[in-house]
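Structure first, then comments.
Please read these numbers as outputs of a predicted model, since none were measured by experiment. The chains referred to below are lettered A, B, ... by the order of the sequence lines, with proteins before strands, and numbering in each begins at 1.
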Amino acid sequence: MRQRSVIPGFGLSLGYTAFYAGLVVFIPLAALFIEASNLGWGELWQTISAPQAVASYRLSFGASLVAASLNLIFGLLVAWVLVRYPFPGKKFIDALVDLPFALPTAVAGIALTALYTPNGWVGHLLNFKVAYTPLGVVVALTFIGLPFVVRTVQPVLAELEAEIEEAAASLGANRWQTFRRVLFPALLPAMLTGFALAFARAVGEYGSVVFISGNMPFRTEITPLLIITKLEQYNYAGAAALGVAMLLVSFALLLIINSLQHWSAKKTGGK
Amino acid sequence: MAGTITTLGNSHAPRISNVTQESRPVRWLLISLAIAFLFLFLALPLAAVFSEAFSRGWQVYWQALQEPDAWAAIRLTLIAAGIAVPLNVIFGVAAAWAITKFSFRGKQFLITLIDLPFAVSPVIAGLTYVLLYGSHGPLWSWLSEHDIKIIFATPGIVMATIFVTFPFIARELIPLMEEQGTSHEEAALTLGASGWQTFRRITLPAIKWGLLYGIILCNARAMGEFGAVSVVSGHIRGQTNTLPLHIEIAYNEYHFAAAFACASLLALLALATLFVKSLLEWKERHERFLASQAARKEP
Amino acid sequence: MSFRSLLAVFGLATLLSAPAFADREILNVSYDPTRELYKEFNAAFIKKWQKEHGETITVRQSHGGAGKQTRAIIDGLEGDVATLALAYDIDSISEKTGIIPKNWQSRLPNNSAPYTSTIVLLVRKGNPKGIHDWDDLIKPGVEVITPNPKTSGGARWNYLAAWAYAKKKYGSDEKARDFITKLYRHVPVLDSGARGSTNTFVKRGIGDVLLAWENEAFLAINELGKDQFEIVVPSISILAEPPVTVLDKNAKKHGTLDIAQAYLEFLYSPTGQDLAGKHYYRPTDPKFVKKYANQFPKVNLVTVDNAFGGWQKAQKTHFNDGGVFDHIYQPGN
């Protein structure tokens with residue numbers, strides 16, 4: 001360890017950070033690993049690779065992927081519209097984007113279920129089922145992850161120099177070419193970060209999904225629900241095993257996010 | 001994860017000239033698409049909450065909010081947020097200071113550790129506290145000997161809340177302080193200011209809006225947390241139910257209007273949060289504007 | 001150092017926010033459908049205790065799916081009494097914690113069940129799908145709402161009632177298993193608790209029939225729509241005995257053993273029995289059985305002990321991981 005500057009407080013701030021992070025994050029998560037290790041390798045693998053668990057990963061990760069992709073496309077669109085075009089009510093819409101951060105997930109779940117069941121406001125307009133199908137899970141996860149792409153792309157888009165686009169235009173590029181060749185590469189790191197964040201958040205989501213999913217084993221059962229189910233059968237080690245599996249995936253995702261960040265910072269000249 | 005929740009101004013918008021502008025129909029198509037998407041996924045759920053809340057009129061709405069159990073839930077929610085948010089503020093500032101003002105080995109690991117609660121399922125968060133402090137945990141015999149209740153009591157709920165909201169403030173401050181660099185602090189220090197003075201007079205004013213924004217989001221999340229708290233609460237009425245849990249209970253007792261009345265409180269909180277946030281952004285932009293005006297006059 | 005002193009202040013605040021015990025209080029950890037019953041019963045008990053002992057007490061309630069509540073007790077939720085959905089859950093408490101002795105069930109009359117119930121079918125008004133008995137549930141186009149037996153006590157009673165019917169009608173465990181498999185093919189939503197299922201059926205309008213506790217079915221009709229639903233009584237159902245027990249170790253620790261015991265005994269008293277009947281639980285006291293005889297239809301009831309060899313065995317065969325229920329959802333089944 002070394003200190004870069006004359007600035008004081010290194011020991012105090014780092015010590016406190018490490019202490020607090022250890023207390024709040026590291027020790028509890030270590031407890032999870034210890035509990036899971038009670039199973040032994042064979043049984044651990046058996047729990048993680050049980051068909052019902054695998055089906056739940058497929059739903060959790062699949063639906064999260066779809067939801068994050070939806071948010072990627074529409075998030076870019078919303079960010080673009082909010083940064084580039086003036087229109088009435090823009091301020092209000094800009095503020096509304098953060099709603100999923102602030103609204104309790106259970107409330108979101110109940111409200112979405114009420115909307116999308118066959119007798120709900122939206123549900124009765126559709127001739128296919130949304131609530132209690134994997135599609136319902138996607139709806140809830142899209143809601144949960146909505147702010148991420150918007151909020152990562154928005155500042156980058158706002159900071160982009162108009163000169164580059166003007167230069168592209170004066171060199172004869174049409175609007176679409178400018179977007180694809182000039183803007184898109186500049187926005188890509190932010191988009192990917194937002195996508196990964198929305199995805200990571202969606203994979204772990206519980207509160208809103210249980211209301212709308214229908215919770216059918218092999219069909220609409222998400223992994224966090226399976227963990228709860230195991231817990232309620234007093235199978236602590238089994239629950240911890242699934243928790244560890246999810247945790248490792250989350251950790252890998254975060255590492256990817258952070259290296260994306262690193263990569264994009266380097267690309268833009270490194271602040 | 002930097003820049004997740006970054007305050008920003010739209011000051012660049014007017015500079016865009018005609019060459020880089022889409023045609024009017026394309027513009028309106030994009031705007032309508034964006035609004036349609038937000039309407040479907042944001043405005044409708046919000047409207048559903050309020051419409052259910054008032055489905056039986058104002059009277060039922062007020063009654064639902066006056067119930068003692070609802071009050072107890074509100075109180076507990078305030079206590080949990082009131083403890084979790086300041087603790088996370090202290091941590092967030094300390095972490096951002098350590099991470100942005102110094103370079104040391106293991107920094108990436110520390111950053112990832114700070115991010116982790118963000119990606120961990122709230123259910124797993126609750127489970128870890130059950131494993132640690134529950135009757136099968138390593139601390140149980142000591143805790144019960146000293147009659148300290150953690151799980152199924154206020155401390156457990158506070159801890160779960162802290163875990164879930166842990167990254168918010170640090171995550172808001174790190175990119176901000178990274179961008180600001182260390183030159184101002186170094187200048188102050190060479191001029192003879194103490195470390196604490198430097199922090200208070202130089203660093204704090206520079207990060208105050210980001211800090212406030214982080215606090216607001218952290219607070220909103222703390223008050224709204226459901227999954228993690230549900231696992232460690234024990235659901236004792238009037239004692240260990242937070243507002244989101246109280247909503248679930250009211251809903252399960254067929255008091256739908258009451259459940260949504262409480263939910264609308266939290267939705268109002270969300271809206272108030274967003275309002276304050278917009279205000280902060282506006283104020284920050286205004287200050288920047290004044291500063292740039294002043295700078296322009298001076299030379 | 002201000003960080004640490006702040007931390008100390010917050011730590012102190014945390015400890016202090018646990019309420020100081022002015023009055024003695026007991027905590028009743030219960031399952032989902034007893035909410036209304038215990039709301040009224042607790043008020044009556046507090047009054048009685050005040051009158052007899054001149055002491056003001058508080059009775060706290062915790063409700064949730066039976067599995068969740070049992071787990072909370074096992075994990076350290078210090079309830080003074082448990083009033084749960086089935087004996088297996090309380091057996092688990094005894095087995096995993098030693099809070100209560102093994103013979104808990106013989107400490108109070110009627111296998112420690114002060115009231116009983118059964119499982120009935122709740123259908124929409126006019127019974128449009130013509131549902132009269134269990135085998136109507138597997139007719140094409142019928143959707144059945146029942147919670148997940150892995151997490152809900154009521155759902156286990158539902159499952160066993162259907163099984164008992166099929167075994168009697170078709171003659172073998174094999175065929176009963178086929179019937180159950182078919183039945184769950186007709187279930188579009190598996191909520192985690194009984195209340196979740198009732199909400200799905202009533203509020204969301206999903207499904208044609210709800211498998212429900214008898215008292216839950218009555219409550220749904222009275223609370224949510226007298227002219228929207230009707231109860232269908234199947235030819236066979238199961239005698240559900242929701243048991244109660246004092247959680248000895250916790251109550252001793254709190255110094256509330258006397259209250260806890262009196263609380264449960266009060267359930268067997270005329271007041272308790274009357275309240276049970278009023279909230280659509282079947283009383284066990286013959287006097288109140290008679291009083292509420294008109295309210296409850298006659299049902300041919302089997303017991304878990306006779307039909308399934310007791311809860312331990314039923315749980316192991318049907319509901320544990322790898323049991324019959326899990327096989328229903330295996331792909332290719």
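- Within the model, atoms CZ of Arg201(A) and CD1 of Ile144(A) stand 5.0 Å from one another, a figure rounded to the nearest 0.5 Å.
- The residue among Leu103(A), Val149(A), Leu146(A) with the most heavy atom pairs within less than 4.5 Å of chain B is Leu146(A).
- In this structure, the portion of Leu110(B) lying under 4.5 Å from any heavy atom of chain A is its side chain and not its backbone.
- Put simply, the side chain of Phe74(A) does not reach to within 4.5 Å of the side chain of Thr142(A), judged on heavy atoms.
- Heavy-atom distances place no part of Ala96(B) under 4.5 Å from chain A, backbone and side chain included.
- With a 4.5 angstrom heavy-atom cutoff, Phe41(B) touches chain A via backbone and side-chain atoms both.
- Interface remark: Leu33(B) contributes backbone and side-chain atoms alike to the contact with chain A (heavy atom separation under 4.5 Å).
- When heavy atoms are compared at a cutoff of 4.5 Å, Leu96(A) approaches chain B by way of both its backbone and its side chain.
- Contacts of Leu40(B) with chain A are made by both backbone and side-chain atoms, with heavy-atom separations under 4.5 Å.
- Ion pairing between a basic and an acidic side chain is recognised when a charged N comes within 4.0 Å of a carboxylate O; Arg175(A) and Glu165(A) show such pairing.
- If you tally non-hydrogen atom pairs under 4.5 Å between each of Phe199(B), Trp97(B), Phe226(B) and chain A, the highest count goes to Trp97(B).
- Using the six-membered ring where Trp is involved, Phe91(B) and Phe166(B) have ring planes that are parallel, under 30° apart on the 30 and 60° scheme.
- Taking chain B as the reference chain and counting heavy-atom pairs below 4.5 Å, the highest number among Leu29(A), Thr105(A), Ile110(A), Leu247(A) is found for Ile110(A).
- Interface remark: of the candidates Val139(A), Ile34(A), Leu112(A), Leu225(A), Val139(A) forms the most heavy-atom pairs closer than 4.5 Å to chain B.
- In this structure, Phe199(A) has its ring center no closer than 6.0 Å to that of Phe148(A).
- The OG1 atom of Thr203(B) lies 3.5 Å from the CD atom of Glu185(B); values are rounded to the nearest 0.5 Å.
- Val26(B) does not touch chain A: none of its heavy atoms, backbone or side chain, sits under 4.5 Å away.
- Side-chain atoms of Phe168(B) and Asn219(B), non-hydrogen and from C-beta on, never get closer than 4.5 Å to each other.
- Only the side chain of Leu115(A) comes within contact range of chain B, with heavy atoms under 4.5 Å apart.
- The main-chain N or O of Phe10(A) is never found under 3.5 Å from a side-chain atom of Lys101(B) such that the two would form a donor-acceptor pair.
- Remark: Leu245(B) CG to Glu225(B) CD distance equals 9.0 Å, nearest 0.5 Å.
- For chain A, no part of Ser194(B) is nearby; none of its heavy atoms comes within less than 4.5 Å.
- Atom-to-atom distance recorded for Ile35(B):CD1 and Ile93(A):CD1 is 4.0 Å, nearest 0.5 angstrom.
- Proximity to chain A (any heavy atom under 4.5 Å) is shown, for Phe39(B), by neither the backbone nor the side chain.
- Taking chain B as the reference chain and counting heavy-atom pairs below 4.5 Å, the highest number among Tyr206(A), Phe26(A), Trp121(A), Phe92(A) is found for Trp121(A).
- Under a 4.0 Å N-O distance rule, the pair Arg171(B)/Glu178(B) does not qualify as a salt bridge.
- Interface remark: of the candidates Leu189(B), Ile216(B), Ile99(B), Leu189(B) forms the most heavy-atom pairs closer than 4.5 Å to chain A.
- If you measure heavy-atom distances from Phe251(A) to chain B, the contacts under 4.5 Å come from both the backbone and the side chain.
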From CA spacing to verdict: side-chain contact (heavy atoms from CB on, under 4.5 Å), Thr242(B), His246(B):
CA-CA 6 Å; Thr242(B) 61; His246(B) 178 76; over 6 Å; no
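- If you tally non-hydrogen atom pairs under 4.5 Å between each of Ile31(B), Ile124(B), Leu266(B) and chain A, the highest count goes to Ile31(B).
- For Leu30(B), the parts sitting under 4.5 Å from any heavy atom of chain A are the backbone and the side chain alike.
- In this structure, the side chains of Phe260(B) and Tyr251(B) come closer than 4.5 Å at one or more pairs of heavy atoms.
- Side-chain contact check for Thr128(B) versus Leu132(B): every heavy-atom pair is 4.5 Å or farther apart.
- Checked against the 6.0 Å centroid threshold, Phe179(A) and Trp80(A) count as a close aromatic pair.
- Of the two parts of Tyr129(B), only the side chain, counted from C-beta on, holds a non-hydrogen atom closer than 4.5 Å to a non-hydrogen atom of chain A.
- Most heavy-atom pairs under 4.5 Å with chain B: of the set Val153(A), Val107(A), Val122(A), Leu157(A), this distinction falls to Val107(A).
- With a 4.5 angstrom heavy-atom cutoff, Val25(A) touches chain B via backbone and side-chain atoms both.
- Only the side chain of Ile227(A) has a heavy atom closer than 4.5 Å to any heavy atom of chain B.
- Looking at Tyr133(B), neither its backbone nor its side chain comes within 4.5 Å of chain A, counting heavy atoms on both sides.
- Both the backbone and the side chain of Leu42(B) have a heavy atom closer than 4.5 Å to some heavy atom of chain A.
- Annotation: maximal heavy-atom pairing with chain B below 4.5 Å, among Thr178(A), Leu99(A), Leu231(A), occurs at Leu99(A).
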